Amino acid sequence: MATSSGNSSGSSALQIMNSGSDQEGLHQVMDQRKRKRMVSNRESARRSRMRKQEHLTDLTAQVGLLMKENNQILTSINVTNQLYLNLEAENCVLRAQMAELSNRLQSLNDILDCINSSKWLLENEEEDLSAQFGGDGFLNPWSNLCFNQPVDMFMC
């Protein structure tokens, strides 16, 4: 029995030693995996930071472009507003001129109406004068009347 117990205790010590070296090997494998995972995580974090930095750089460039475009649009709006104001002022002047010319035209039309309405008086007077002075238009002051000359507004 002593032999068998010696063998059994020797084999259990061997198993403990084997299990101890197995555990040590397992710890080494676990440590190696841990280190590998840590390196992988660090590399992944580094790539993530780089992607973030690239994205931030892209966004910053896009902000610059949009601000430049915004300034160009604002400049265009200001130029357009100035042109509009200039055209509006010119339009106002033209409206005033049109009103003045319409008034002048109406006055001239009134004068022509007055002349045309009094024309029959002149014709009648001319006939009377030619009857009185022998029909010659030399002594008739109305016979040389030219309607292209300015007309006194108070004549009517």
Side-chain angles (χ1 to χ4, degrees), residues 16 18-156:
I16 292 175
N18 281 344
S19 76
S21 66
D22 283 346
Q23 282 182 353
E24 216 175 276
L26 187 63
H27 279 301
Q28 285 177 353
V29 168
M30 295 286 276
D31 283 346
Q32 190 177 11
R33 286 183 183 168
K34 229 185 220 182
R35 278 188 229 116
K36 214 176 191 182
R37 208 175 324 118
M38 283 175 51
V39 168
S40 174
N41 285 347
R42 282 182 187 147
E43 185 63 26
S44 176
R46 185 184 67 77
R47 286 191 309 267
S48 176
R49 285 190 301 273
M50 285 178 58
R51 280 193 308 269
K52 230 184 223 184
Q53 184 63 40
E54 287 175 10
H55 186 63
L56 182 63
T57 303
D58 290 345
L59 289 175
T60 304
Q62 189 176 8
V63 165
L65 288 174
L66 290 173
M67 288 177 72
K68 183 179 178 182
E69 184 180 346
N70 193 24
N71 286 336
Q72 289 173 344
I73 290 171
L74 285 174
T75 301
S76 175
I77 287 172
N78 288 337
V79 166
T80 304
N81 279 341
Q82 188 61 43
L83 288 173
Y84 169 77
L85 291 174
N86 290 344
L87 288 174
E88 189 65 32
E90 185 179 349
N91 201 12
C92 186
V93 167
L94 290 173
R95 280 190 189 118
Q97 288 175 348
M98 184 181 75
E100 176 62 27
L101 290 173
S102 292
N103 287 338
R104 284 184 184 179
L105 180 62
Q106 183 60 44
S107 295
L108 290 173
N109 283 334
D110 290 344
I111 291 170
L112 283 175
D113 287 344
C114 183
I115 290 172
N116 287 334
S117 68
S118 63
K119 191 174 187 181
W120 67 273
L121 285 175
L122 292 176
E123 290 172 355
N124 288 341
E125 220 174 279
E126 188 177 303
E127 289 173 6
D128 290 345
L129 285 176
S130 78
Q132 285 177 358
F133 296 108
D136 117 10
F138 180 73
L139 296 176
N140 183 359
W142 297 108
S143 65
N144 293 327
L145 183 63
C146 181
F147 290 110
N148 290 335
Q149 294 179 353
V151 178
D152 186 13
M153 288 179 58
F154 300 105
M155 183 175 145
C156 294

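In this text, all values refer to a predicted model and were calculated from it rather than measured experimentally.
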Task: Leu105 side, atom CG; Asp110 side, atom CG - distance, nearest 0.5 Å - done: 9.5 Å
TODO: Output the distance between atom CG (Leu112) and atom OG (Ser107), rounded to the nearest 0.5 Å.
DONE: 11.0 Å
Open item on the list: To the nearest 0.5 Å, what is the distance between CG on Leu108 and CG on Asn103?
Closed with: 11.0 Å
Open item on the list: According to side chain to side chain contact (heavy atoms under 4.5 Å, CB included), who are the partners of Gln72, at least two apart in sequence or on a separate chain?
Closed with: Lys68
TODO: Could you check if a side-chain atom of Arg37 sits within less than 4.5 angstrom of a side-chain atom of Asn41, using non-hydrogen atoms only?
DONE: yes
Open item on the list: Tell me whether the count of non-hydrogen atoms from other residues, nucleotides or ligands lying under 6.0 Å of CD in Glu88 goes above 12.
Closed with: yes
- [ ] Please name all residues satisfying side chain to side chain contact (heavy atoms under 4.5 Å, CB included) with Leu83, sequence neighbours left out, ordered by chain then number.
- [x] Val79
Task: Pair Glu54 + Arg51: basic N to acidic O under 4.0 Å - done: no
Open item on the list: Applying side-chain contact (heavy atoms from CB on, under 4.5 Å) to Val63 and Met67, what does each step give before you reach the verdict?
Closed with: CA-CA 6 Å; Val63 165; Met67 288 177 72; 3.8 Å; yes
Task: Neighbour count >12 (heavy atoms, 6.0 Å) for atom CZ, Arg104 - done: no
Task: Glu43 atom CD: more than 12 heavy-atom contacts under 6.0 Å - done: yes
- [ ] Could you tell me the separation between the CG atom of Asn86 and the CG atom of Asn91, rounded to the nearest 0.5 Å?
- [x] 12.0 Å
TODO: Would you indicate whether the side-chain heavy atoms of Ile77 and Ile73 approach each other to under 4.5 Å?
DONE: yes
Open item on the list: Quick one: does any side-chain atom of Ser117 pair with a main-chain N or O of Asp113 as donor and acceptor, under 3.5 Å?
Closed with: yes
Open item on the list: Distance check, rounded to the nearest 0.5 Å: Ser44 atom OG versus Arg49 atom CZ?
Closed with: 9.5 Å
TODO: First locate atom CG of Leu87, then atom CG of Leu94, and finally report the distance between them rounded to the nearest 0.5 Å.
DONE: 10.0 Å
